[in-house]
Each structure stands twice: as structure tokens, then as C-alpha cells.
Amino acid sequence: MPVHNDEIATAFDEIADLLSLSGENQFRIRAYRRAAQTVRALPEELAARIAAGFDPDRLPGIGADLAGKIREFVASGHCKSLEALRRSVPRGLREMLALPDIGPQRARALYEALGIHSLADLKESLDHHRIRRVPHFGTRLEERLRKSLEALGERSHRVSWNVADGYAQGLRRFLAAIPGVAQVEVAGSYRRGRETVGDLDLVVAAPAGVDVDRALRSYDEVAAVLASGRTRSSVVLRSGLQVDVRVVPPASFGAALYYFTGSKAHNIRLRTIAVAKGLKVNEYGVYRGRNRIAGETEESVLGAVGLPYIAPELREDRGEFDAASARHLPDLVTREQLTGDLHAHTRATDGNASLEEMVDAARRAGLRYLAITDHSKYLGAVHGLDATGLSRQIDQIDELNARVRGIRVLKGIEVDVLEDGSLALPDPALARLDLVVGAVHSQFALSRRKQTDRLLRALDRPYLSVLAHPTARLIDQRAPIDCDWSQVFRRAEERPCLLELNAQPDRLDLDDVLAREAAASGVLISIASDAHRIEDFAFLDGGVRQARRAWLSASAIANTRPLGEVRRLLRRTFLK
DNA sequence: GCCGTTTTCGGCCCGACTGTTTTCAGTCG
């Protein structure tokens, strides 16, 4: 039974929690948390790499001890020290950490004073007002915990970037309109372009005396105030989304924006680098001794520690500091560099606009070519195109191309990759098309071996030009298929075949980690809207965000090139 | 537990808010 990276990471997180409940050294705890993060973000399964001779202690933050635990876990599926910890820490105590305001110290104190070792125990003690008798606990904390416990069930999980964007823009406008406010930016994981956002972080530049906190509390979507201060406030909106606002003087805006954009791991690393140079970085600026030497802009903060600007999408502690000091940061792709879109649908299948409407919308979105790739007919498909329907659409596209200006329409199809890796339409039916987009729409649960073979065989089909949404995941709904991606990337590079970064907000597939790995293997990426409505070309922004998180520059993206070159790329795949 | 152009031992990012306390610990981001 192969052990997945996420299981190793989850075990390390549990060890960290249990160590914290044992009152262990915080730096030892941090080592486990950092190792969990490192392992979770790896593009390839560690078990497979170890089997191939890789030594995990070469990973950053993983030394001899943790490497040994990884080996033990991979070999046996168990970790003895985790099991020992589970025996030594009262069962159930860990779930207390899920509650805001309860950390390891308070969880421990409640256990020792009242024997509380579960959320159910806590509720009972709260109901009987026993908590307030524990040293360092009081009536206010009791009330806070009561509210937190009630809210725990309905606590919102992370929302998609697009949903967060709706709330963020309203808040930004509201805060910017406060008299005296000089500047407002949305920071946090939103600014780093993560596919989901847990809470909103906003940074406000305002001179002393501007009461941003009071204004925020009057925002009509605020349901509860968690913290309220002169420079920092936290509220919860009616939707359940938490909002943290940080207010700084204008001269510190860059430093505060940097600090609040994160990620936490990135900030810790930046501050560590600064310390080595005799500097201190905080949210007010960069300091040498008591002298502030930077802070008005983010560029000044990085410049003060001797580094070039690092784009927010790269700030995940995934090698950006090494790249920055070597002056090898990628020139990240922008939306303006996209020249066209290689995946879109019309009313002929499951889209809701006509061919002409989709093409017009694409042209207005600044695209110079658009591939129409409606679904093929296949077993169980609704409204797939049959040979007659496809032939009719081809004629319509020829007719439209003769008529419209400013955009070229490519003839394509989205065809199913069947369980055996064959395509749902025979080669002769595909030969007339400009491109063939293959996609997995069924049999998601095949074994790693079968799924890998399936995709490798699909990549061997002569007419396949693009593998769409390769992992078939739906964020928070459907797990990615299990597959040896390094093999798939190698084959796609040899063919060559484009791999898609599908920009639908619930797909974003390939994700940032795999897209970076694919590009490193020499595969060209197609950022595609998969538009079903005329509004959907806006999804391309999200695709570009994900591509930037994957460190991709325009040269790694097929559809940043002129149509002639894209045609050559697509045609080359037909010749092999 | 990790790590090293100061170090193989002794460090490990930094500050705001809250509540329970009279000077600070805990939690969080």
C-alpha cells in the first residue's frame, strides 16, 4: 500500500500538535510543521522517489531525524514516535486546538483543572460556568469560548478566489472612502492568487487619528467583531468570511503590505535573511539599529535586504529567495500576453451561446483566435456532437472565418479519453480538425498504474493536440486522479502535446505545483477558459494567476504566441 | 529538529490584541 505525501504531512502535523500539547520546545514543533508543509507541496510522491534512491534529507528543513521518520512511514505505514505521543497525550485533547482562543497552553490548563479533553466536555463545563474558576480564565473568555463553540459547526471553510474577490472589492471601496485614508490594498492569500481564500486581509495607509477601526465596525456586512484596536481589527462578515484589517502610516505601507501578503513561511525566511545582514524587518519597515531604512514600498523592503522584487504569487517559500538572490526570477506571464484560447463550447453542445456570440465575446476579450471545442458524442454523453453535427459546425466556422475580422476561429473538438486510453472518435473523424482536445470525464478512480497507462496511451494517439484539465479534479468536490505525472509530462514533451491549465474556477487544473513541474519538463501549457458562456472568458484571469503561481513566463505558454506559430505547434503533433 | 561566508552549539521572525492580571502569557496572523 503506497504511502502518499499528504499522509506523511498529516502525520507530521499531528506530531506537531501533540508536541505542543506536551509543552515541547516551540522550535522543535516548528520543524515538524515546516516539514509537513514541504512534503505536502512536493509534486512527486516521496515514496516513489525514495524507492528510486532519493534521500529525503536533501529536502529543505528535513534532516537526518525527519528523513528517518519519512523512511519508516513509507516502509511500514506507521510512525512509532507518533504512536507513542498518541498514548501519552490524553485522547481528544487535540480537537480542542480547533477552537479559536484555545492553544496548547489553555487546552492543557483546562484538562488539568477540569479534566476537559474534548469539545463536548468543554461545552458541558461552559454550561455550568466551571471554566471561569480555572486560573487565568474568566467570564469574558468563557463567553468568547461559548460563541466560538457555537460558531464552530457553521464556520466557513475556504472560498474560491472569485467569491472572495466579490467581498474584497466591496470592502476595498468602503475603506478607501474613509476620509483621510491614503491607500488600500487587499493582501493575504487573495493577493498571492491562491485558488481558495480562507479570510480577507486588507492593508490601509492612513495618518494617525483616522479611526479606521470604528468605520470598519459600521460596515453593514459585519456580523461580529473579533478584535478591535488602533492599528488592527478583525471582524466576521454575515457570510462567515473573516476580515482582518491592518492600519499603518503611509510611510510604512509597503512594509505592511509585504507583511500582510505573506505567506507566513515566506515572511519568516525574509526576516531570517534580514537578521543575517544585521537588519530587522517588521510591518513598519526595515531597520538597521533604530534607523528605518525602507518601508514605503515593497520594492524598497526587498531592496534593503539586497533582493529584487518578488511577485506575490511566488511568495510561498518554494525557492523564490534562491532565485531572487541568483537574479533568476521568472518574468511571469500576464493576461495581456495571451493571444488566444484553445478550449471553448457553444450551444451546439453544453454551452449557452451561439458560435457567433462566443467568437464575438472572445474578440472583445482581446483574443485573436479562438478554438471551438464542443463535446464529442460518446457513451452516456448528453448532447455530444455526432459526425453530422461536427461536419455542420465545421462548415459554419468556415463561413464565419470568411466574414469576421480581428479574430480567427479554429476547428476543434473535446473528445473523451476512454478507460483504455483510446479516444471516443476514430482518427478519420479527427483528421479534418485544427486541434483535438482530449479529456478524462469518467473512470476517475482507476489505480495509479492504470490511470498512468491510460494517459500515456492517449498521448500516443496521432491527433491529440491538448490534454485538457489533466487531473480532472474539482476543487473541494472531486480529488485529482491518481497518476504518475512525471511519466505523463515526459511523454507529453516527447510527442509533443500541450497540457492545459483549465481556468474554470472550480478546476484550475493543472494546479500550480503540477504546472510548474510540467513546464520544467519542457511541456508547453495552454491556459484555456473552457468557456461555456460569453462571460467565461474572464476566467482567463484566474488561469493566468495560477500560471504565475507556477512560475510560468510567456515562453512556457503556447497561447501567448501568434496564431501562425500556434498552428505550427498544433500541426507538429499531427505529423508524429 | 534544523542549520552554518559569524557558528557543529546555540541560536531559531516579529508585533498586536485580549483577558486576567498589576506586569504578562496566550493566541493569532
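Note that the structure is a prediction, hence the values are computed from the model and not measured. Below, each value reflects all heavy atoms present in this structure, side chains not excepted, and no hydrogens, waters or symmetry copies. In the text below, chain A, chain B and the rest are named by the order of the sequence lines, each starting its count at 1.
Here the side chains of A/I116 and A/S125 are in contact, with some heavy-atom distance below 4.5 Å.
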Could you list the protein-to-nucleotides 3-9 of chain B atom pairs, N/O on both sides, closer than 3.5 Å?
unit_1: B/dC3; atom_1: OP1; unit_2: A/G61; atom_2: N; d: 2.9

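Look at A/N282 and you'll find a side-chain N or O under 4.0 angstrom from OP1 or OP2 of B/dG15. Taking 4.0 angstrom as the limit, A/R140 places a side-chain polar atom (N or O) nearer than this to OP1 or OP2 of B/dG19. Contact annotation: A/T231 side-chain N/O to B/dC17 OP1/OP2 distance is under 4.0 Å. Regarding contacts with the backbone of B/dG1, a side-chain N or O of A/R28 is found under 4.0 angstrom from either OP1 or OP2.
The distance from atom CZ of A/R232 to atom P of B/dT18 is 11 Å, rounded to the nearest whole Å. For the pair A/L145 CG and B/dC28 P, the computed distance is 11 Å after rounding to whole Å. A/Q26 has its CD atom 14 Å from the P atom of B/dG11, to the nearest Å. Taking atom CD of A/E24 as the reference point, atom P of B/dG1 lies 7 Å away to the nearest angstrom. Between the CG atom of A/N25 and the P atom of B/dG10 there is a distance of 15 Å, rounded to whole Å. A/Q242 has its CD atom 10 Å from the P atom of B/dC28, to the nearest Å. Residue A/R230 contributes atom CZ, which lies 16 Å from atom C1' of B/dT18 at whole-angstrom precision. Between the CG atom of A/L66 and the P atom of B/dC2 there is a distance of 4 Å, given to the nearest Å.
Searching all strands for a Watson-Crick or G-U wobble partner of B/dT8 with both distances below 3.5 Å returns nothing.
Between the side chain of A/D101 and the base of B/dG26, no donor-acceptor pair of N or O atoms lies under 3.5 Å. In this model, no side-chain donor or acceptor of A/Y259 finds a partner on the base of B/dG15 within 3.5 Å.
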A/D511 vs A/L501, side-chain contact (heavy atoms from CB on, under 4.5 Å): CA-CA, chis, key distance, verdict: CA-CA 7 Å; A/D511 71 12; A/L501 196 173; over 6 Å; no

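A cation-pi geometry, defined here as NZ or CZ lying under 6.0 Å from the six-membered ring centre and within 45° of its normal, holds between A/R315 and A/Y309.
The aromatic rings of A/H117 and A/Y111 sit perpendicular to each other, their planes meeting at more than 60°, with 30° as the lower class boundary.
A/H266 and A/Y258 have their aromatic ring centers within a separation under 6.0 angstrom.
Between the P atoms of B/dT5 and B/dG1, the separation comes to 23 Å (whole Å).
For A/A16 against A/I29, the heavy-atom pair with the smallest separation is O-CG2, 3.7 Å.
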